[in-house]
Amino acid sequence: MAVLLQAAGLLSLLDAAGWRLAAGWSPARVTPGGLLVVGDEGAAPGGSVQTAQELLRDLAIRLFETGGGVAGRGEGRRAARAMLDRWRHSLSPLSPDEVVAQLLDAAPFLWEPPFASARAALAGEMLRETGARLWVAGPRPFRQSLLARCREGVELRALLAGPEARTLWNQEEEGDPRELAARGKWRAALAAWERRLPSSDGERVERANAFFALGRFEAALEALTGLGSAAARCLALRCQLQLGALGAARAALLRLGKERLPPEVVVELAEIAARVLANRGEGSDTVWPWIRRALAETSGQGDRATLRARLVAAEAAWDRKDLAAMDLWLEKARPALDDPELAWRWHHVRGLRMEQDPRGGEEAARSVARAIRAG
């Protein structure tokens with residue numbers, strides 16, 4: 001499990017730098033001290049075709065499985081079984097930072113002193129002409145909290161290896177749970193809601209979203225029981241997608257397709273529909289009405305919803321092997337590279353495109369960019 005944590009940290013660093021694993025885990029090795037080493041030949045520029053959970057599922061199988069499952073007892077093997085089951089049923093892409101959070105929640109023993117070096121490996125540096133940029137794999141609030149305390153890589157790794165890192169991870173701040181959730185302090189928000197249960201349907205949705213953000217999809221679904229708002233039903237759909245309940249998700253999509261919804265909800269539903277319907281083997285006729293609706297209802301807004309809609313359109317174009325449309329929507333979504341919450345999605349979709357035709361894809365991207373600039 002310590003090796004898996006290091007691997008998720010490596011994927012986070014590579015993703016932040018716009019790089020990828022060049023040959024999966026084939027060049028990787030584990031030192032006698034338990035450190036994961038990939039080597040210079042193991043990474044290359046460009047976005048990854050595989051999602052973080054796909055790459056880590058492959059590594060977990062190499063580490064644990066011996067002829068049909070993770071056998072044996074112990075905390076590590078129980079955690080490995082839980083993670084493999086979650087990743088096998090997860091159909092939408094997870095960022096490496098989300099997976100780091102999942103691993104630390106599933107295997108809290110990784111905070112103990114014997115695993116200090118694995119935690120320290122969550123820290124990294126990107127060397128650029130303007131200087132070095134420190135990085136910490138994991139949720140943004142956790143990263144910001146550590147980076148605010150450290151200016152050097154050595155100092156950062158020492159903080160991660162020590163007991164204070166767990167305190168920062170589990171920090172339960174006093175205050176309103178909704179305010180804590182708005183700042184991305186999911187664990188603190190859930191702890192506050194345990195002290196004071198949600199007082200409205202809106203708060204119940206926010207509490208369920210905190211469960212979802214921590215990868216606790218079953219708990220999120222349970223928290224949404226009886227709620228009928230668009231936000232609640234949309235979040236329930238995301239949980240069903242993560243849990244592989246595609247039939248229930250499809251039925252819910254059909255019902256929601258007949259309702260008036262806010263543009264940001266339409267975009268989220270379009271993203272879910274693309275994954276649900278594609279994984280059910282349904283044709284583009286059932287997916288593209290959602291894509292067209294998302295693009296139309298966010299047109300001209302110039303915000304995150306618009307960029308998300310364009311990325312969803314690019315992914316849907318890849319599903320039907322329409323590379324020209326994929327190039328168009330990727331180029332229109334290029335401003336997403338300036339948004340840390342969307343940049344990894346752009347790199348992932350770009351990796352899918354380059355898998356089809358690397359040289360042709362580059363030339364197509366340049367042609368589309370020139371056409372867009374020319375109006």
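What you see is a predicted model; the values in this text were computed from it and never measured.
Ring planes of F142 and W111: perpendicular class, angle over 60° (limits at 30 and 60°).
Salt bridge annotation for E331-R334: present, with a cationic side-chain nitrogen under 4.0 angstrom from a carboxylate oxygen. Between R310 and E315 there is no salt bridge, since no side-chain N of the basic residue sits under 4.0 Å from a carboxylate O of the acidic one. We find that D176 and R178 are not joined by a salt bridge, their nearest charged nitrogen and carboxylate oxygen being 4.0 Å or further apart. Salt bridge status for E297 with R293: present, with a side-chain N to carboxylate O gap under 4.0 Å. Here R238 pairs with E271 in a salt bridge; the nearest charged N to carboxylate O distance falls below 4.0 Å. Note on R143 versus D97: salt bridge recorded, some NZ/NE/NH1/NH2 to OD/OE distance being below 4.0 Å. In summary, E194 and R207 do not engage in a salt bridge, as defined by a charged side-chain N under 4.0 Å from a carboxylate O.
With a 6.0 Å radius and a threshold of 12 heavy atoms from other residues, nucleotides or ligands, E259 has its CD atom above the threshold. E155 CD: more than 12 foreign heavy atoms inside a 6.0 Å radius.
When atom types are taken as modelled, the side chain of Q240 and the backbone of A245 share no donor-acceptor pair closer than 3.5 angstrom. Judged by distance alone, the side chain of Q6 and the main-chain N or O of G34 form a donor-acceptor pair under 3.5 Å.
With sequence neighbours excluded, the residues satisfying side chain to side chain donor-acceptor pair (under 3.5 Å) with R140 are E341.
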